[in-house]
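Written below as structure tokens is the structure these notes are about.
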Amino acid sequence: MKSVSLSAAPRALGRRAGAKALRAAGRIPAVIYGRQAKPQNLELSSKEITDLIHHSVSENLLVDLAVKDDARPKRLALVQEIQHHPLSGKVLHVDFHEVAENEKVSIMVPVEGSGEAVGVKTDGGVLEHVLFKIRIRGLPKDLPEIITVDVSQLKIGQSIHLGDIPAPPGTEIIGDKKVPVIAVSAPRTEEEEAAEAAEAATPGEVEMIKEKKEEGEEGAPPAKGAEKGAAKGAEKAPAKGGEKAPAKGGEKAAPAAEAKGGKAAEAKGGKPAEKKK
């Protein structure tokens, strides 16, 4: 990977308000970090970094960073991450990772297929990218910007594994060698498409069944709790109107009347008769 020159300046403004002010002035906030120095906030020219990205094969860039008023004239760094606006795609922030020329580093490198697979061209298969990036380790100058893999010989059911990809000179590919990177799968049959359509229609059918069940619940027999409540109510209702009412008015009132009648008879009929004698 060849290094390209990029100028930067120390950034005084921080936080979100400072970053917005920088972008409004045509500058991009950035940061550089590494094991040999403390992280430092920087600012870049929006036009310079945008042009640099557009003219590169990928966002894996090795830059000779010239920081204004810095003790070192140039600092070798890898572009670690570039943040883009989700709608406009404009560059919002850049992270640099300072490296040494004689120190190996590992980065994620994009994988791209070249040619048209036989399984796609003649049999109607589908080319699938299982892994879009792979990890490669090496010296900064030996790291590739992108890995290109020839897929023209792939038939349906075949795949290119991580171990099948030759590493660029001076580098090594890190990871499980048996992991597929690019594969050609068979085209979907009408039965599979029908099955997928049926699966997609299943939630609607469940909702219809649920609605029918809810409608049927209106005419369903009462629950056990309701039956017990009704039975208890039926037992208590006659007790209040039939048993207790006669007991108060009939049983207790009758003896009282008899007692009163007896005393009146004795008072009127018994005592006067004894006086006449």
Side-chain angles (χ1 to χ4, degrees), residues 1-4 6 49-63 76-91 94-97 99 101 103-200:
M1 185 186 300
K2 294 182 179 180
S3 61
V4 293
L6 181 65
I49 187 65
T50 302
D51 291 343
L52 189 63
I53 295 171
H54 286 170
H55 288 87
S56 63
V57 179
S58 69
E59 292 186 353
N60 284 333
L61 299 172
L62 183 65
V63 298
L76 188 64
L78 282 166
V79 175
Q80 187 75 17
E81 183 182 4
I82 300 177
Q83 297 178 16
H84 297 271
H85 191 279
L87 299 178
S88 64
K90 292 181 178 179
V91 179
V94 182
D95 287 3
F96 294 102
H97 181 205
V99 295
E101 293 183 1
E103 183 180 356
K104 288 187 177 182
V105 294
S106 61
I107 62 172
M108 297 299 292
V109 179
V111 179
E112 188 179 82
S114 65
E116 187 175 6
V118 175
V120 176
K121 185 177 181 179
T122 60
D123 301 326
V126 180
L127 186 69
E128 295 182 348
H129 281 261
V130 183
L131 294 179
F132 288 92
K133 292 184 177 182
I134 60 176
R135 185 172 294 278
I136 294 182
R137 179 180 174 81
L139 295 175
K141 64 179 181 64
D142 295 329
L143 294 174
E145 294 183 28
I146 192 170
I147 293 289
T148 304
V149 180
D150 183 15
V151 299
S152 59
Q153 301 302 318
L154 282 181
K155 299 178 181 179
I156 290 179
Q158 294 182 342
S159 59
I160 296 175
H161 298 83
L162 194 64
D164 300 328
I165 301 175
T171 66
E172 60 176 329
I173 297 176
I174 301 173
D176 187 356
K177 307 303 181 184
K178 296 181 181 180
V179 173
V181 179
I182 300 176
V184 176
S185 61
R188 292 184 301 173
T189 62
E190 294 181 0
E191 290 77 7
E192 291 174 346
E193 292 179 356
E196 290 181 3
E199 290 178 2

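All values below come from the heavy atoms of this structure, side chains included, with hydrogens, waters and symmetry mates left out.
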Completion exercise
Taking every heavy atom of Pro166 against every heavy atom of Asp164, the minimum-distance pair comes out as CD-O, 3.4 Å
Problem - Separation between NZ of Lys133 and OG of Ser58, rounded to the nearest 0.5 Å - result: 8.0 Å
Problem - Student check: side-chain heavy atoms of Ile82 and Ile49 closer than 4.5 Å - result: no
Practice task
Kindly compute the distance separating CZ (Phe96) from CG (Leu62), expressed to the nearest 0.5 Å.
Solution key: 11.0 Å
Problem - Contacts of Asp51 that satisfy salt bridge (charged side-chain N to carboxylate O under 4.0 Å, His left out) - sequence neighbours left out - result: Lys47
Completion exercise
In terms of heavy-atom contacts, Arg137 and Leu143 come closest through C-CD2, 4.0 Å
Fill in the blank from the handout: Heavy-atom closest pair (Ile165 atom, Ile147 atom, distance to 0.1 Å) is CG2-CG2, 3.9 Å
Practice task
Heavy atoms only: give me the nearest Ala167-Ile173 pair and the separation to one decimal.
Solution key: CB-CG1, 3.8 Å
Exercise for the section: Could you tell me whether the side chain of Ser88 and the main chain of His85 form a donor-acceptor pair under 3.5 Å? Expected result: no
Handout entry: Gap between atom CD1 of Ile160 and atom NE2 of His129 - 0.5 Å precision
Key = 9.5 Å
Practice task
Hey, could you give me the NE2/NZ distance between His161 and Lys177, rounded to the nearest 0.5 Å?
Solution key: 13.0 Å
Handout entry: Validation row: Leu162, Asp176 side chains within 4.5 angstrom (heavy atoms)
Key = no
Problem - Validation row: Val181, Val149 side chains within 4.5 angstrom (heavy atoms) - result: no
Exercise for the section: May I ask you to test the Met1-Leu78 pair for a side-chain heavy-atom distance under 4.5 Å? Expected result: yes
Practice task
Give a yes or no answer on whether the side chain of Asn60 reaches the backbone of Met108 with a donor-acceptor pair at less than 3.5 Å.
Solution key: yes
Problem - 4.5 Å side-chain heavy-atom contact, Val184 and Val120 - result: yes
Handout entry: Straight-line distance of Glu116 CD to Leu127 CG, nearest 0.5 Å
Key = 9.5 Å
Handout entry: Asp123 vs Pro187 side-chain heavy atoms within contact, under 4.5 Å
Key = no
Problem - Any Ser159 side-chain heavy atom under 4.5 Å of Val130 side chain - result: no
Practice task
Ignoring hydrogens and angles, tell me if any N or O in the side chain of Thr122 forms a donor-acceptor pair with the backbone of Val118 under 3.5 Å.
Solution key: yes
Practice task
Count the heavy atoms of every other residue, nucleotide or ligand shown that sit under 6.0 Å from NZ of Lys2, and state whether that count exceeds 12.
Solution key: no
Handout entry: Gap between atom CD of Glu172 and atom NZ of Lys104 - 0.5 Å precision
Key = 6.0 Å
Practice task
For the residue pair Val79 and Glu59, establish whether any side-chain heavy-atom pair is separated by less than 4.5 Å.
Solution key: no
Completion exercise
When every non-hydrogen atom of Pro168 is compared with those of Ile136, the smallest separation belongs to CD-CD1, 4.4 Å
Exercise for the section: Check Gly115 against Val151 and note the closest heavy-atom contact, atom names and distance. Expected result: O-CG2, 3.5 Å
